[in-house]
Amino acid sequence: MSQSGFPLSKLFIGLTLTGLMTACGGGGGGSNNVKPSSTPITSASTAPLTSSATPSSSSLAQTSSSIIPVVSSTPAANSSTATASSAGAANISNFIVVDQFGYLPDAQKVAILRDPQDGYDKSRSYTPGATLSLVDMNNGQVVLTAEAKVWNKGEVHSTSGDKVWRFDFSSITTPGTYAVVDSSQNLRSPTFKIAADIYKPVLKHAFRTFFYQRAGFAKKLPYAEMGWTDEASHLKPGQDPETRLYDVNNRAVGVAGSEKDLSGGWFDAGDYNKYTNWHADYLINLLHAYLENPAAWGDDFNIPESGNGVPDIIDEIKWGFDWLKKMQNSDGSVLSIQGLSHASPPSSATGRSFYGPASTSASLSTAAAFALGSKVLGDLGINDYAADLKTRATNAWTWANANPAVIVHNNSGIYEGLGAGDQEVSVKDQTIELQRKKTRAAIYLFAATGNATYQSQVTGNYGNRAQWVDHWIENELVSWLYYANLGGADATLAANIKNQYASAMTANINLGAISADSDAYRVSLGGDSNFTWGSNRSMSRKGTSFYNLISYSVGSANSDTVKNAALGYLNYLHGTNPQGMVYLSNMYSLGVHSSVNEFYHTWFTNGSALWDRVGTSTYGPAPGYLVGGPNPYYDWDGNCTSSSPNPGCGSAAPNPPKGQPAMKAYLDFNTSWPLNSWQITENHNDYQVAYLRLLSKFVN
């Protein structure tokens, strides 16, 4: 797909709360009219667990508005094949949902049992038996029998449209492979494990997506897995090593004589462009992920740099920095964006690469990333590299200080067609947002240099930001918490930050929601209106906001309460959701029953015989990508309601995701314009780093 025609897939990533309505719901009942979501599996069977009622994504335009999402696909044999016990022969039901990877031995462990009352599956029903069992799937032994407890006196959970029960098996700590079984109805959950290292292989897959997102780097065996190899992309004449300044009046060739070598970096999302503001934020978040739990990050993630004595996350961070350094001009300013051509696989792209001019926001974001990188890498003894980053950080700060309002909207006006999404500060709050970027850069520059100039910027611009703690501003708040733990921080300000954060965490949207048990799925986002484009990123950040209490020694909340609160959000992303789906792509090699089978990505494009969909294409998409997740504000393109709609529109917007309770506004599809699946299933490095930060807290 040519760059100029690439859809604006990130237009609404920065949705605010303004104008979003909170949904509400009422009560409802259930029955014993159980309709299992899959066929029985015994030790002699390895048949795929598929839903025959589920259309493929390629047929979306021809279907009605009653699509049932995929709840299962082609699982690994060890998730569907058990011993010759009654538990092994039971139907795997998407009415009994669990974290399909498993649980830590000392963690809270809760299976969710769901009876749909509203949404795409409301015609199906389930009521748990009088007791349920936890069964050891290796020997068929029942290790726990208990009653499922109804949530909220049987009221319907409006966010999901479900009536919910919980089955708590936290008392079981013995490592092993288990399933929750409703023997009275011959139903069970997918299998899962209890183990201290259960999330380490998940972290490896999820982290390795950055390797697959590398531009200008060949994906070869043994580092790329079979099926996802490719030659180095965007290195042809006129591409990244010869990137030209964009010219809206001459889009084909740009500005002659303006060539720069901007090779490297990461594809940003399902599109291949590289956005400086966002890229800098990924680096900052990856650095914090390392600092918050270095023990999670080994030198064994099977990337080309593995085994060099440096944690692989630091190697990947350096890859990201190497591109960002190329984006910096000699005067310290930093270019705003690089737009790339698109094709599947990436190496087949042939179009030119273009860049946008320097901006104040890009320079400030880069200053922050360079400064934190210089501090972290310097502490690791990577001294020359760290010293260079420190110099670059101060140069970027100096230029931004002298040029405080250079704005580049990279997909409109004279830069229309350069990028898919606008990373610039908002027009409405331009001054405020630039000041916050400047202060964030000052935090990390102070950490790297100890210079009083940066300290003054920090102490003069706190603005009581930690009085409100929520996922919307978690990226900024972690910078303030980092500052509050610096040895040279202003003592009064540091105490104020921590006290305000601790106090805000007791609010009804945070620990208050946990103590009140306000969400049936144990993942309160503070209201249905917070389910927007990228809700899985919100879930990840929300979980991390709890764990920040531990990471940054804030307040006095019980550590087990905090850890279990954070884990609830991880469990949701791993299958404890109304879809019963792991929201990571193609994770069947780790034994899950149902994970993302296809998602919006230029490489794994719709209709690809090799990469489109697990179980249909030869390989399906690469594993480990976190998708955007449920988005009740999804809609098909405006063209579909015009007087001359595109034939791809079909007769109605796909439902789901449209017209569903917030948690059910999801469809496992990969259909681009005009059905715009990117609003639901596109990956984004911002989602990925948020997830990695949360997941890595529970890996050692």
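Along the sequence shown, the residues carry numbers beginning at 1.
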Undergrad: Do E474 and S545 have side-chain N/O donor and acceptor atoms under 3.5 Å apart?
TA: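 On atom types as modelled, these side chains do not qualify, holding no pair under 3.5 Å.
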
Undergrad: Aromatic ring centroids of Y583 and H574 under 6.0 Å?
TA: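 No.
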
Undergrad: Side chain to side chain contact (heavy atoms under 4.5 Å, CB included) for M663 and Y572? Distances and angles first, verdict last.
TA: CA-CA 11 Å; M663 279 189 180; Y572 168 91; 4.0 Å; yes

Undergrad: Distance from Y199 atom OH to L570 atom CG, nearest 0.5 Å?
TA: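 Answer for the OH-CG pair, Y199 versus L570, is 5.0 Å.
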
Undergrad: Closer than 3.5 angstrom, by distance alone: can the side chain of N683 be matched with the main-chain N or O of V627 as a donor-acceptor pair?
TA: no

Undergrad: Aromatic contact between Y483 and Y444, with the criterion being ring centroids under 6.0 Å apart: yes or no?
TA: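 No; Y444 has its ring centre 6.0 Å or more from that of Y483.
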
Undergrad: Please name the residue in the list D168, T131, L132, L134 that meets the side chain to side chain contact (heavy atoms under 4.5 Å, CB included) test with L144.
TA: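 So, applying the side chain to side chain contact (heavy atoms under 4.5 Å, CB included) to L144 and each of D168, T131, L132, L134, only L134 qualifies.
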
Undergrad: Taking the six-membered ring for Trp, is the centroid-to-centroid distance between W297 and F207 below 6.0 Å?
TA: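 Under 6.0 Å, so yes.
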
Undergrad: Can a side-chain donor-acceptor contact be found between E292 and Y482 if the only test is distance below 3.5 angstrom?
TA: no

Undergrad: Once rounded to the nearest 0.5 Å, what's the spacing between atom CG of L286 and atom CG of D281?
TA: 11.0 Å

Undergrad: With a 3.5 Å cut-off and no angle check, do the side chains of N277 and E424 form a donor-acceptor pair?
TA: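 E424 and N277 do not have a side-chain donor-acceptor pair below 3.5 Å.
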
Undergrad: When you compare the side chains of S479 and R440, does any donor N or O come within less than 3.5 Å of an acceptor on the partner?
TA: yes

Undergrad: Does a donor on one side chain sit under 3.5 Å from an acceptor on the other, for D115 and W165?
TA: no

Undergrad: Might you point out which heavy atoms bring G575 and Q100 nearest each other, and give the distance in Å?
TA: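 That closest heavy-atom pairing would be CA-NE2, 4.2 Å.
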
Undergrad: Please find the pair of heavy atoms, one from A295 and one from N700, that lie closest to each other, and give the distance.
TA: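 Residues A295 and N700, closest heavy atoms: CB-OD1, 3.5 Å.
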
Undergrad: Does D182 use its side chain to pair, donor to acceptor, with the backbone of P128 at less than 3.5 Å?
TA: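 Checked: no pair found.
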
Undergrad: Just by modelled atom types, is the F669 backbone N or O under 3.5 Å from a matching donor or acceptor in the T681 side chain?
TA: yes

Undergrad: Are the side chains of T173 and D106 in touch, meaning some heavy atoms are under 4.5 Å apart?
TA: no

Undergrad: If you measure from NZ on K109 to CG on N571, what distance do you get to the nearest 0.5 Å?
TA: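 Going from the NZ atom of K109 to the CG atom of N571 covers 10.5 Å.
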
Undergrad: If we ignore hydrogens and angles and just use 3.5 Å, is the side chain of S595 paired with the main-chain N or O of M587 as donor and acceptor?
TA: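 Confirmed, S595 side chain pairs with M587 backbone.
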
Undergrad: Anything under 30° is parallel, anything over 60° is perpendicular, the rest tilted; go ahead and classify Y282 against H684.
TA: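 Y282 and H684: perpendicular rings.
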
Undergrad: Does Y501 reach the side chain of N496, with side-chain heavy atoms less than 4.5 Å apart?
TA: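 Side chain of Y501 against side chain of N496, heavy atoms only: no contact under 4.5 Å found.
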
Undergrad: In terms of side-chain heavy atoms, does Y521 have a donor or acceptor partner in D162 at a distance below 3.5 Å?
TA: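 Present: a donor and an acceptor within the cut-off.
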
Undergrad: Out of Q500, R465, K498, which one pairs with W480 under the side chain to side chain contact (heavy atoms under 4.5 Å, CB included) rule?
TA: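 Exactly one pass, corresponding to R465.
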
Undergrad: Please test V143 against V135 for side chain to side chain contact (heavy atoms under 4.5 Å, CB included), starting from the C-alpha separation and ending with a verdict.
TA: CA-CA 6 Å; V143 299; V135 176; over 6 Å; no

Undergrad: Can you find a side-chain donor-acceptor pair between N685 and Q688 that sits under 3.5 Å?
TA: no

Undergrad: Around atom NZ of K697, are there more than 12 heavy atoms from other residues, nucleotides or ligands closer than 6.0 Å?
TA: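 Atom NZ in K697 is packed in, count exceeds 12.
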
Undergrad: Under a plain distance cut-off of 3.5 Å, with no hydrogens placed, do N510 and K542 share a side-chain donor-acceptor pair?
TA: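 Present: a donor and an acceptor within the cut-off.
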
Undergrad: Could you tell me whether a side-chain N or O of D519 sits under 3.5 Å from a main-chain N or O of V523, the two making a donor and an acceptor?
TA: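 Yes, the answer is positive, given that a donor and an acceptor are paired below the 3.5 Å cut-off.
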
Undergrad: Give, for atom CD1 of I284 and atom CD1 of I317, the distance between the pair rounded to the nearest 0.5 Å.
TA: 11.0 Å

Undergrad: Step by step, work out the side chain to side chain contact (heavy atoms under 4.5 Å, CB included) result for M505 and V562.
TA: CA-CA 10 Å; M505 284 301 296; V562 169; over 6 Å; no

Undergrad: Testing the 3.5 Å rule here: is there a donor-acceptor pair between the side chains of Q430 and Q435?
TA: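 Checked: Q430/Q435 side chains show no N/O donor-acceptor pair below 3.5 Å.
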
Undergrad: Please check if any side-chain donor atom of K664 sits under 3.5 Å from a side-chain acceptor atom of S160, or the reverse.
TA: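 K664 vs S160: no donor-acceptor pair found between side chains.
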
Undergrad: Could you tell me whether K122 atom NZ has more than 12 heavy atoms of other residues or ligands within 6.0 Å of it?
TA: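 Incorrect, the count does not exceed 12.
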
Undergrad: Would you sort out whether V596 and Y666 count as a side chain to side chain contact (heavy atoms under 4.5 Å, CB included), showing the intermediate values?
TA: CA-CA 11 Å; V596 169; Y666 185 84; 3.6 Å; yes

Undergrad: Evaluate the side-chain proximity of H471 to N530: yes if any heavy-atom separation is below 4.5 Å, no if none is.
TA: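 Side chain of N530 against side chain of H471, heavy atoms only: contact under 4.5 Å found.
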
Undergrad: Restricting to non-hydrogen atoms, name the atom on T506 and the atom on L511 that form the minimum distance, rounded to 0.1 Å.
TA: CA-CB, 4.3 Å

Undergrad: Angle between ring planes, Y625 versus F599, binned at 30° and 60°: parallel, tilted or perpendicular?
TA: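 Taking F599 first and then Y625, their aromatic rings sit tilted (interplane angle of 30° to 60°).
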
Undergrad: Can you find a heavy atom in the side chain of V202 that is under 4.5 Å from one in the side chain of L695?
TA: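 In short, these two side chains touch, coming nearer than 4.5 Å.
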
Undergrad: In Å and rounded to the nearest 0.5 Å, what is the OG to CZ distance from S551 to R693?
TA: 7.5 Å

Undergrad: Determine whether R188 and I96 make a side-chain contact, defined as any pair of heavy atoms from C-beta on separated by less than 4.5 Å.
TA: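 Sidechains of I96 and R188: no contact.
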
Undergrad: Of all the heavy-atom pairs spanning L549 and A557, show the shortest one and how long it is.
TA: CD1-CB, 4.3 Å

Undergrad: Is it the case that the ring center of F446 lies less than 6.0 angstrom away from the ring center of Y454?
TA: no

Undergrad: Sequence neighbours left out, what passes ring-ring contact (aromatic ring centres under 6.0 Å, His included) with Y103? Give chain and number order.
TA: F169, F192

Undergrad: Does any donor atom in the side chain of S540 or Y569 lie under 3.5 Å from an acceptor atom in the other side chain?
TA: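 On atom types as modelled, these side chains do not qualify, holding no pair under 3.5 Å.
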
Undergrad: Does a donor on one side chain and an acceptor on the other come within less than 3.5 Å for D528 and T159?
TA: yes

Undergrad: What is the distance from atom CH2 of W678 to atom OH of Y634, rounded to the nearest 0.5 Å?
TA: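 Going from CH2 on W678 over to OH on Y634, the span is 9.5 Å.
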
Undergrad: Does some side-chain heavy atom of N577 sit less than 4.5 Å from a side-chain heavy atom of V97?
TA: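 Not touching, per the 4.5 Å side-chain cut-off.
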
Undergrad: How close do A466 and L477 get, heavy atom to heavy atom, and via which atoms?
TA: CA-CD2, 3.8 Å

Undergrad: Looking only at atom types and distance, does a side-chain atom of D429 sit under 3.5 Å from a main-chain N or O of V425, one as donor and one as acceptor?
TA: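 Here the side-chain-to-backbone pair does not exist.
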
Undergrad: Taking the ring of W533 and the ring of Y633, is the distance between their centroids below 6.0 Å?
TA: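 Here the rings of W533 and Y633 have centres that are no less than 6.0 Å from each other.
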
Undergrad: Would you say S365's side chain and S361's backbone share a donor-acceptor pair under 3.5 angstrom?
TA: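 Here the side-chain-to-backbone pair exists.
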
Undergrad: Tell me whether S515 contacts the main-chain N or O of G512 through its side chain, where contact means a donor paired with an acceptor under 3.5 Å.
TA: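 Indeed, once roles are kept as given, a pair shorter than 3.5 Å links the two residues.
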
Undergrad: Restricting to non-hydrogen atoms, name the atom on S133 and the atom on F167 that form the minimum distance, rounded to 0.1 Å.
TA: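 S133 and F167 have their closest heavy atoms at C-CZ, 4.0 Å.
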
Undergrad: Could you walk me through whether D517 and R166 pass salt bridge (charged side-chain N to carboxylate O under 4.0 Å, His left out), step by step?
TA: CA-CA 12 Å; D517 194 16; R166 275 100 167 257; 2.8 Å; yes

Undergrad: Between N464 (side chain only) and Q467 (backbone N and O only), is there a donor and an acceptor less than 3.5 Å apart?
TA: no

Undergrad: Does a donor on one side chain and an acceptor on the other come within less than 3.5 Å for S426 and E433?
TA: yes

Undergrad: For G102, is there any backbone N or O sitting under 3.5 Å from a side-chain donor or acceptor partner on D99?
TA: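 Answer holds: yes.
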
